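Everything on this sheet refers to the single structure shown next.
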Amino acid sequence: FEKWIGIVIDLNIANLEKKFSSGFLENEKFTLKFNIMKNISVIIIGLSLLFYCTTGLCYGATDDQPGAPATGPAGNSIQVVSSPELTGLATNWADEFARLNPSVKITVGAVTDIQGSNSLSFMTDENPAVVTEQNTWKMVVGRDATVGIINARNPLLEQINRQGISAEKLAQLFSSSDKHNWGSLISGSPDAPFNTYFIENEKVNTAIGIFTGIDNANVTGNKVSTAAELMSAVEKDVNAIGFCKLTDVRDASTNGIIQGLQLLPIDKNMNGRIDSFENIYGSMDAFTRGVWIGKYPSALCGNIYAASAVQPTDKNTVAFLTWIITTGQKYLNDNGYSNLASREVKLNMAVLYGAEIAVAQTSIKSYNVWNWLISLLVIGLVASITMVIVSHIKDQKLAEQNSDFDLTPVLNEDAIMAPKGLYFDKTHTWAFMEEDGNVKVGVDDFLQHITGTITRIAMKKPGESIRKGEKIMTIVRDGKQLELYAPISGVIREQNQSLVSDSSLINTAPFTEGWVYLIEPKNWLREIQFMFMAEKYKEWLGDEFARLKDFFSATVRTNTAVYAHIVLQDGGELTDNVLADLEPEVWEDFQTKFIDVSR
């Protein structure tokens, strides 16, 4: 067994040494051995758990597994009904889930009778039966928003974008019988008259009323019947303001804002200007993300619900809802809605699977004593093998006297890998020229230690031209993101498809399987003069750690409660994965004050 492991380790090290001509450091060899041992342990444990389940412990002496679909076609079908405004979203969800799970059939229909229906329903706050009915089970699965829109050719556009409109200003506007003019909304602007337009939608009027603090009856303006009429009116009138749902102003072909229109900036903190953290109105993606992280007034936001007469416990329905609040969240943005916050996702998961477990517990019969004994023996055997492997690893470490490898959670220069033969850029990316002259590009070990495990990466497509210093990728952890910039100029020939299914390769193998692009370079010899290699890179990292500590030290003084846990008590060292669990606002500060200034 040990000889077989040695052969695997040697082959992996030989392959990596071939890829990096200068070879690996001893601590990198040890890391590789540790990972292989760990993987072998996981395989053994997995096989043991498989045996554990087949002996009957999972479901006792009965053949009826709780939560499993019923036999026959009916057991694999889900009936979905949707309110009209959510039909596109519900259909997207159903089609994609059915594509991923061919054995499950989902039918989507229109709501005819919410009360008394056993179907899974998708509704918004506009459906009072969902919101107020006490006997209806419901779960929030997304957000929608009421927005103001203006003409993109408005002569006061620059001032509007700079100052925004506050709730107080809008309340004064709607409570006044005087003719509406921009001078009452924007300081220093001329008294240019404008018209207001509303869709005949009670939800929109209610949201505006709650936001401004005035009675719905005082929300006056030109009423139109459809979204198309509203868009047309604002497009024709450069001084107009319209109010509608976000989905009304969405261009389905581009998933952007309808050409010729712009979202009306809201001065949420009412300080007379749109601060940098409030500036979410440039694109549909920026806005929906801003709604998600709380940068848009909550009074103008609504909920999207999944509802049912009783809490779902069917295996397929629970799986469908689980997919909706995790992977399926991306379809919210595609349809003009906003994602759930991560804490809401966790709460929903607890509700869904808490119910499923409760049902399961009522169905499980008494366990077979022999199954317990066999299972305990298997667990004991796995534990013994794991202890032997761990002991073997520790003995090897002591024998090699490798003092550089540190298992503590401290983040410092010694924890960062820097293989020789690679060029490192100030944007925390690396470049390595292959034998065919193309250059592999990836993210350095420093940045992945800061972000924690990457859950998604947005990449450019092959064939696109890039210039050094341009945005080249977006790395995402649980919805929080950082934009990274190109270390070289050239044409993207290939993107690493492995990252689409497993973006955590950037963390586990940043210099091998975790590469991001293969690029045909244009100015390689000139641009590498501005990069670092080996010891020069390590020296530069010392300055980067100093800058990193300065960044957090400066921010700690402004918000001690948020940042208190990021610095260790002994010596002020930073913890590993320092950004991982911090709020989205912190990631944005890190983007602008640390990443962007390095370009």
Side-chain angles (χ1 to χ4, degrees), residues 85-86 88-89 124-126 142-152 154 157 160-161 163-171 173-174 180 185-186 194-212 214 216 219 221-224 226-235 237 239-252 254-270 274 278-304 332-339:
E85 69 275 14
L86 294 177
L89 174 62
T124 65
D125 290 318
E126 297 173 42
R143 298 271 186 267
D144 66 354
T146 296
V147 297
I149 58 172
I150 56 177
N151 193 300
N154 190 304
L157 189 62
I160 295 171
N161 287 337
Q163 295 184 30
I165 309 296
S166 67
E168 182 182 14
K169 290 287 183 69
L170 284 178
L173 171 68
F174 291 128
H180 300 163
L185 293 180
I186 303 297
F194 66 85
N195 293 310
T196 57
Y197 297 88
F198 293 89
I199 296 179
E200 292 182 348
N201 184 319
E202 185 63 26
K203 171 65 177 176
V204 172
N205 291 349
T206 300
I208 295 296
I210 295 173
F211 178 59
T212 58
I214 62 176
N216 289 3
V219 179
N222 300 298
K223 297 289 181 67
V224 296
T226 65
E229 290 181 52
L230 178 70
M231 303 305 128
S232 177
V234 177
E235 284 177 338
D237 185 353
N239 288 307
I241 297 179
F243 293 92
C244 59
K245 301 297 287 293
L246 179 63
T247 50
D248 295 331
V249 74
R250 171 179 170 266
D251 185 341
T254 63
N255 195 31
I257 300 165
I258 292 176
Q259 189 174 7
L261 302 178
Q262 179 186 300
L263 297 177
L264 178 68
I266 300 297
D267 178 17
K268 184 182 177 183
N269 60 8
M270 296 190 295
I274 296 295
E278 294 177 297
N279 189 13
I280 61 174
Y281 302 92
S283 68
M284 184 68 76
D285 286 343
F287 182 79
T288 53
R289 184 170 181 270
V291 172
W292 169 60
I293 62 178
K295 293 188 174 185
Y296 194 65
S298 58
L300 297 177
C301 299
N303 294 326
I304 299 172
L332 286 163
N333 288 349
D334 293 343
N335 287 272
Y337 300 101
S338 294
N339 297 21

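Starting from 1, each residue takes its place in the sequence as its number. Atoms considered below: every heavy atom in the structure, side chains included; atoms not considered: hydrogens, waters and symmetry mates. Since we're looking at a predicted model, the values are computed, not measured.
Here the side chains of I208 and L170 are not in contact, with every heavy-atom distance at 4.5 Å or above. At a threshold of 4.5 Å between non-hydrogen side-chain atoms, the residues L263 and M284 do not count as touching.
A donor-acceptor pair under 3.5 Å links the side-chain atoms of Y281 to the main chain of I266, judged by distance alone. Between the side chain of N154 and the backbone N or O of N239 there is no donor-acceptor pair closer than 3.5 Å. The closest donor-acceptor contact from the side chain of D144 to the backbone of Y337 lies at 3.5 Å or more, if one exists at all.
Counting all heavy atoms, side chain and backbone alike, I199 lies closest to C244 at CD1-CB, 3.8 Å. When all heavy atoms of T146 and A207 are compared, the closest pair comes out as OG1-CB, 3.6 Å. The two residues K169 and L185 make their nearest non-hydrogen contact at NZ-O, 3.3 Å. Contact record, R143 with I304: O-CD1, 3.9 Å, taken as the closest heavy-atom pair. Scanning both residues, V291 and C301, for their nearest heavy atoms gives CG1-SG, 3.8 Å. Residues A171 and T212 come closest through the heavy atom pair CB-O, 3.4 Å.
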Working for side-chain contact (heavy atoms from CB on, under 4.5 Å), residues D267 and Q163: CA-CA 7 Å; D267 178 17; Q163 295 184 30; over 6 Å; no
Full working for side-chain contact (heavy atoms from CB on, under 4.5 Å) between I241 and I149: CA-CA 6 Å; I241 297 179; I149 58 172; over 6 Å; no
Test side-chain contact (heavy atoms from CB on, under 4.5 Å) applied to L264 and I160, step by step: CA-CA 8 Å; L264 178 68; I160 295 171; 4.0 Å; yes
Audit row: I257, D251, side-chain contact (heavy atoms from CB on, under 4.5 Å) steps and yes/no: CA-CA 6 Å; I257 300 165; D251 185 341; over 6 Å; no
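Here the CD1 atom belonging to I165 is positioned 13.5 Å from the CE atom belonging to M270, to the nearest 0.5 angstrom. Here the OG1-CG distance, from T196 to N222, works out to 6.0 Å after rounding to the nearest 0.5 Å. Here the straight-line distance linking atom CG of L230 with atom CG of L261 works out to 8.5 Å at 0.5 Å rounding.
Remark: F211 engages no residue in a ring pair (Phe, Tyr, Trp, His ring centres under 6.0 Å) (not counting sequence neighbours). Every residue two or more places apart in sequence or in another chain that forms a side chain to side chain donor-acceptor pair (under 3.5 Å) with D237 is listed here: N195. Applying the side-chain contact (heavy atoms from CB on, under 4.5 Å) criterion to K268, with sequence neighbours excluded, gives E278, P297. Legend: residues meeting side-chain contact (heavy atoms from CB on, under 4.5 Å) with I280, ordered by chain and number and at least two apart, are F287, K295, Y296. For E168, there are no side chain to side chain donor-acceptor pair (under 3.5 Å) partners at least two apart in sequence or on another chain. With sequence neighbours excluded, the residues forming a side-chain contact (heavy atoms from CB on, under 4.5 Å) with Q262 are I150, L157, N161, P265, listed by chain and number. T226 is linked by a side chain to side chain donor-acceptor pair (under 3.5 Å) to E229, counting only residues two or more places apart in sequence or in another chain. Checked against side chain to side chain donor-acceptor pair (under 3.5 Å), N279 has no partners two or more places apart in sequence or in another chain. Taking the side-chain contact (heavy atoms from CB on, under 4.5 Å) definition, one finds that S283 meets it with D285, A286, sequence neighbours left out.
Residues T247 and E85 bring no donor and acceptor atom of their side chains to less than 3.5 Å of each other.
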